[in-house]
Amino acid sequence: MPFESSWQTEDHLLIEDTIKRFFAEEIVPNEPEWEKAGQVDESVWTTAGALGLLGGGIPEAFGGLGIDAGIDALICAEQGRVNALGWGFVVHTIVKNYIVMQGTPEQKAKWLPQLASGQAIPSIVMSEPGAGSDLKGIRTRAVRDGDDLVIDGSKIFISNGQTSNMLIVVARTGDTGSARDISLVVVEPEQADQVIRGRNLDKIGMKAQDTSELRFDGVRVPKENILGGVEGRGFGQLMQELPWERLMIAYWSLGAIEGALDLTIDYVNDRKAFGRHVMDFQNTRFVLARCKMKLELTRAYVDKCMVQYLAGELDAASASIAKLWATEAQGEVIDACLQLHGGYGYMSEYPISQFYANARVQRIYGGTSEIMLELISRSLV
Ligand SMILES: Cc1cc2nc3c(=O)[nH]c(=O)nc-3n(C[C@H](O)[C@H](O)[C@H](O)COP(=O)(O)OP(=O)(O)OC[C@H]3O[C@@H](n4cnc5c(N)ncnc54)[C@H](O)[C@@H]3O)c2cc1C
């Protein structure tokens, strides 16, 4: 029986089959080729768009489905479950959310249809070589020149970095020394060619996902491309929208826990040692029972956060708890599942090893575990 979360409506249930079919037919079979290429085929975006998978949370008037963003949680969880992570959907839901929640009516009308159709491939461009956790330390600048903004600076670790053509860039637009110096500036498809793509970085996991250095060397965009239309709001916008990013990462972890547990149950029911199935050892059953417990506790908490989000009430501490708990549970469960595979678990050809390699970064991006603890602790004082 598939699990149905309390926030799911008939609309979500109807689209769930499409999501599963999309991953089974369009993503999983192509992942090995994409891993060799270090990036996905860009056509996957328009395929997803044509199926309506990119329109969650976007009003119909702007090319969306008129269904809430809950479908994005289902997509993230399914992607984690099948462990084919090259397609940078999580960035799509992040960027889309910024524009839905923070864009002016004109910005929504222009950019959301491009995102819903898959013509726009998104990146969220925050991290710099000298500033990751400490975003106030960024040095990239966007300086007014007539009717334009001119962006200069270097960024690193940017997901979809080789392929994106709609980039939300965190840039310094002032020098007052306050949080109001930061703005979010959108580089649209017609300006994206100006962005210099650096190395596609070689990672220990997520091999089909392009993660890149980017250089902005006089990139010119219209001054109207400041998200929300007013300079200096960027830091506040980040604080408001980062909880959604963290919740989506948590759903990804939820799916990965489920996928790793399922394939391990199959493995230990098949593998024999000392004349018995590995599943017959009490240790195996207890280890898997703990994994199941962590799966269900993770699901309960992230679903509670989704209910809060859909009511407009997801706070920073709750989203941080979701990310911290879910990504740590993912690491613990997958480590335990790999152990139950014995030596085969360490071999690349066994899927659990890929779950292991892909899991590690979940505790780093979207705010590290230490930053999550910092944010949670702030809610206690
Ligand atoms: C695969 C991948 C994809 C990514 N995708 C993107 C993307 O699309 N866009 C983007 O902008 N960025 C992206 N990132 C960057 C990611 O968000 C940063 O790596 C992350 O925020 C940490 O920043 P940092 O690497 O500079 O580490 P640092 O900030 O240098 O942290 C180093 C260590 O110090 C700890 N630390 C830092 N500050 C504190 C503190 N106040 N208290 C306690 N401990 C602290 C950290 O937790 C960490 O353990 C990606 C990273 C990876 C690996």
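Order of listing sets the numbers, starting from 1, for every ligand and every atom in it. We're numbering straight along the sequence, starting at 1. Nothing here was measured: the structure is a model prediction, and the numbers come from that model.
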**Q** Would Ser253 and Gln362 satisfy side chain to side chain donor-acceptor pair (under 3.5 Å), going step by step from the backbone distance to the final call?
**A** CA-CA 8 Å; Ser253 292; Gln362 291 272 85; 3.0 Å; yes

**Q** Of all the atoms in ligand 1, which lie at a distance below 4.0 Å from a heavy atom belonging to Lys203?
**A**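 So the atoms of ligand 1 that pass are 1 (C).
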
**Q** Below 4.0 angstrom from a heavy atom of Met126, which ligand 1 atoms are there? Numbered from 1 as shown, please.
**A**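 Under 4.0 Å from Met126, ligand 1 has these atoms: 10 (C), 11 (O).
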
**Q** So for ligand 1, is Glu374 a polar contact partner (N or O within less than 3.5 Å, distance only)?
**A**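 No; the residue has no nitrogen or oxygen that sits under 3.5 Å from a nitrogen or oxygen of the ligand.
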
**Q** Please check if atom CZ in Arg180 has more than 12 non-hydrogen atoms from other residues, nucleotides or ligands closer than 6.0 Å.
**A**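 For Arg180, atom CZ is not crowded (no more than 12 foreign heavy atoms under 6.0 Å).
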
**Q** Would Trp325 and Tyr301 count as a close aromatic pair, with their ring centres under 6.0 Å?
**A**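 Here the rings of Tyr301 and Trp325 have centres that are no less than 6.0 Å from each other.
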
**Q** Short check: is a protein heavy atom less than 4.0 Å from atom 35 (C) of ligand 1?
**A**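 It does not: no protein heavy atom is found less than 4.0 Å away from atom 35 (C) of ligand 1.
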
**Q** For the CZ atom on Arg139, are there more than 12 heavy atoms of other groups (residues, nucleotides or ligands in this structure) within a distance under 6.0 Å?
**A**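 Not more than 12 within 6.0 Å, no.
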
**Q** At a 4.0 Å threshold, what atoms of ligand 1 neighbour a non-hydrogen atom of Ser133?
**A**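 With Ser133 as reference, the close atoms of ligand 1 come out as 22 (C), 23 (O), 28 (P), 29 (O), 31 (O), 37 (C), 38 (N).
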
**Q** About how many Å separate CG of Asn160 and CD1 of Ile121, when rounded to the nearest 0.5 Å?
**A**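 Going from the CD1 atom of Ile121 to the CG atom of Asn160 covers 7.5 Å.
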
**Q** Verify whether the ring centers belonging to Trp87 and Trp45 lie closer than 6.0 Å.
**A**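 Yes, ring centres under 6.0 Å apart.
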
**Q** Within the structure, does at least one protein heavy atom fall under 4.0 Å of atom 17 (O) of ligand 1?
**A**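 Protein heavy atom within 4.0 Å of atom 17 (O) of ligand 1: present.
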
**Q** Are any non-hydrogen protein atoms located under 4.0 Å from atom 11 (O) of ligand 1?
**A**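 It does; a protein heavy atom is within 4.0 Å.
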
**Q** Assess whether a salt bridge exists between Glu374 and Arg378, defined as any Lys/Arg side-chain N lying under 4.0 Å from an Asp/Glu carboxylate O.
**A**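 Judged by the 4.0 Å cut-off on N to carboxylate O distance, Glu374 and Arg378 do form a salt bridge.
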
**Q** Under the side chain to side chain contact (heavy atoms under 4.5 Å, CB included) criterion, do Ile257 and Thr298 qualify, and how do the steps go?
**A** CA-CA 9 Å; Ile257 294 171; Thr298 304; 4.0 Å; yes

**Q** Under 4.0 Å from atom 1 (C) of ligand 1, do we find at least one protein heavy atom?
**A**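 Protein heavy atoms within 4.0 Å of atom 1 (C) of ligand 1 - there is at least one.
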
**Q** Of the protein's non-hydrogen atoms, which lies at the shortest distance from atom 6 (C) of ligand 1, and what is that distance?
**A**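 In this structure, atom 6 (C) of ligand 1 has Phe157 O, 2.6 Å as its nearest protein heavy atom.
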
**Q** Any idea which atoms of ligand 1 are less than 4.0 Å away from a heavy-atom of Ile158?
**A**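 By the 4.0 Å cutoff, the relevant atoms are 7 (C), 8 (O), 9 (N), 10 (C), 11 (O).
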
**Q** Please check if a non-hydrogen protein atom sits closer than 4.0 Å to atom 49 (O) of ligand 1.
**A**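 Looking at atom 49 (O) of ligand 1, one finds that a protein heavy atom does lie closer than 4.0 Å.
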
